[in-house]
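One-based numbering along the sequence shown.
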Amino acid sequence: MIADFVSAEFGWLRSPDGTRSARKVIKPGKNREGYFTNKDILRQAKNAMDILDEFYPEYEHMFVYDNATTYWKRADDALSARKMPRNISKPDANWLVEVNQLNNDGNQVHTTAGKFAKKRICMCDATLPSGAPQPLYFPDDHP
């Protein structure tokens, strides 16, 4: 799979000497190089913006993506009614959200079976109309 940026005026995004590029080439699949995730898209966009800022600062740039999966992405701990329980959970059994585990480089971790390793995290706090945070979980010292 190849992901790159192209301009009608300048062609493929490269530094003037051709040594820097925003192109990303991967061999997708769980037993290969994984998949092009939203974090990869963000890293690629940052790289593209760095090239544009350094070599083409006199122009105004716009990025347009045609990748349906990016439309649905939100933070791993974002509020989601689909993942919330209907009733109050027991203090010793807080409900958590299952997400893919990442290593220190931000890449997905695989189990020995080749599947994505998972971990469970809390959702972020909600926000009341006053702007005050509304915790969704009992604190660890809750009676």
Side-chain angles (χ1 to χ4, degrees), residues 1-91 93-140 142:
M1 184 206 87
I2 299 171
D4 207 342
F5 294 92
V6 65
S7 162
E9 190 169 335
F10 300 109
W12 299 108
L13 178 58
R14 307 282 179 267
S15 60
D17 63 2
T19 59
R20 289 183 55 196
S21 164
R23 178 177 287 174
K24 176 78 173 160
V25 179
I26 67 167
K27 295 176 184 167
K30 72 177 185 178
N31 295 322
R32 299 181 93 185
E33 295 178 347
Y35 297 94
F36 200 58
T37 66
N38 288 290
K39 289 186 189 248
D40 293 322
I41 291 169
L42 292 174
R43 272 182 265 189
Q44 183 192 29
K46 182 183 180 323
N47 182 33
M49 287 185 268
D50 290 345
I51 292 170
L52 294 172
D53 285 345
E54 185 174 341
F55 299 107
Y56 308 101
E58 66 275 17
Y59 297 97
E60 185 175 316
H61 307 279
M62 179 189 334
F63 292 94
V64 178
Y65 287 88
D66 184 15
N67 183 338
T69 60
T70 60
Y71 307 147
W72 296 94
K73 180 61 181 161
R74 52 186 167 172
D76 287 340
D77 67 346
L79 294 176
S80 172
R82 293 183 301 154
K83 297 179 182 178
M84 292 181 182
R86 289 185 180 181
N87 300 308
I88 297 174
S89 59
K90 296 177 183 174
N94 273 337
W95 48 278
L96 301 170
V97 179
E98 190 173 88
V99 298
N100 290 333
Q101 186 174 340
L102 303 177
N103 63 19
N104 292 337
D105 296 327
N107 297 318
Q108 293 179 335
V109 176
H110 291 84
T111 66
T112 54
K115 296 184 177 190
F116 292 129
K118 304 287 185 181
K119 68 178 183 177
R120 295 173 59 83
I121 64 170
C122 294
M123 282 189 199
C124 64
D125 290 343
T127 304
L128 297 172
S130 66
Q134 169 64 56
L136 301 177
Y137 296 90
F138 288 114
D140 291 336
H142 182 73

Applying ring pair (Phe, Tyr, Trp, His ring centres under 6.0 Å) to Phe10 and not counting sequence neighbours gives Tyr56, Tyr59
Could you name each residue pair satisfying salt bridge (charged side-chain N to carboxylate O under 4.0 Å, His left out) that touches residues 41-53, not counting sequence neighbours?
-> Asp40-Arg43, Lys46-Asp50
What pairs with Glu54 under salt bridge (charged side-chain N to carboxylate O under 4.0 Å, His left out), at least two apart in sequence or on another chain?
-> Arg20
Residue pairs meeting salt bridge (charged side-chain N to carboxylate O under 4.0 Å, His left out), one or both in residues 5-18, sequence neighbours left out, come to Asp4-Arg14
Residues in side chain to side chain contact (heavy atoms under 4.5 Å, CB included) contact with Val99, at least two apart in sequence or another chain | Asp76, Val97, Lys119, Ile121
Least distance between heavy atoms, Cys124 atom then Leu136 atom = O-CD1, 3.5 Å
Would you give the length of the straight line joining atom OG1 of Thr111 to atom CD of Gln101, rounded to the nearest 0.5 angstrom?
-> 10.5 Å
With sequence neighbours excluded, residues passing side chain to side chain contact (heavy atoms under 4.5 Å, CB included) with Leu102 = Lys39, Gln108
Side chain to side chain contact (heavy atoms under 4.5 Å, CB included) between Phe5 and Arg23: does it pass, once the steps are laid out?
-> CA-CA 7 Å; Phe5 294 92; Arg23 178 177 287 174; over 6 Å; no
Working to the nearest 0.5 Å, report the span between CG of Leu52 and CD of Glu60.
-> 12.0 Å
With sequence neighbours excluded, what pairs up with Asn100 under the side chain to side chain donor-acceptor pair (under 3.5 Å) test?
-> Lys118
Looking at CE of Met62 and OG of Ser7, how far apart are the two atoms once the value is rounded to the nearest 0.5 Å?
-> 11.0 Å
For residues 100-110, the salt bridge (charged side-chain N to carboxylate O under 4.0 Å, His left out) pairs (sequence neighbours left out) are none
Report yes if some heavy atom in the side chain of Ile2 is under 4.5 Å from a heavy atom in the side chain of Lys24; otherwise report no.
-> no
Is the His110 ring parallel, tilted or perpendicular to the Phe116 ring (thresholds 30°, 60°)?
-> tilted
Would you sort out whether Leu96 and Cys122 count as a side chain to side chain contact (heavy atoms under 4.5 Å, CB included), showing the intermediate values?
-> CA-CA 5 Å; Leu96 301 170; Cys122 294; 3.5 Å; yes
Qualifying residues under side chain to side chain contact (heavy atoms under 4.5 Å, CB included), relative to Val6, sequence neighbours excluded | Trp12
Among residues two or more places apart or on two chains, list those pairs meeting side chain to side chain donor-acceptor pair (under 3.5 Å) that have a residue in residues 122-135.
-> none
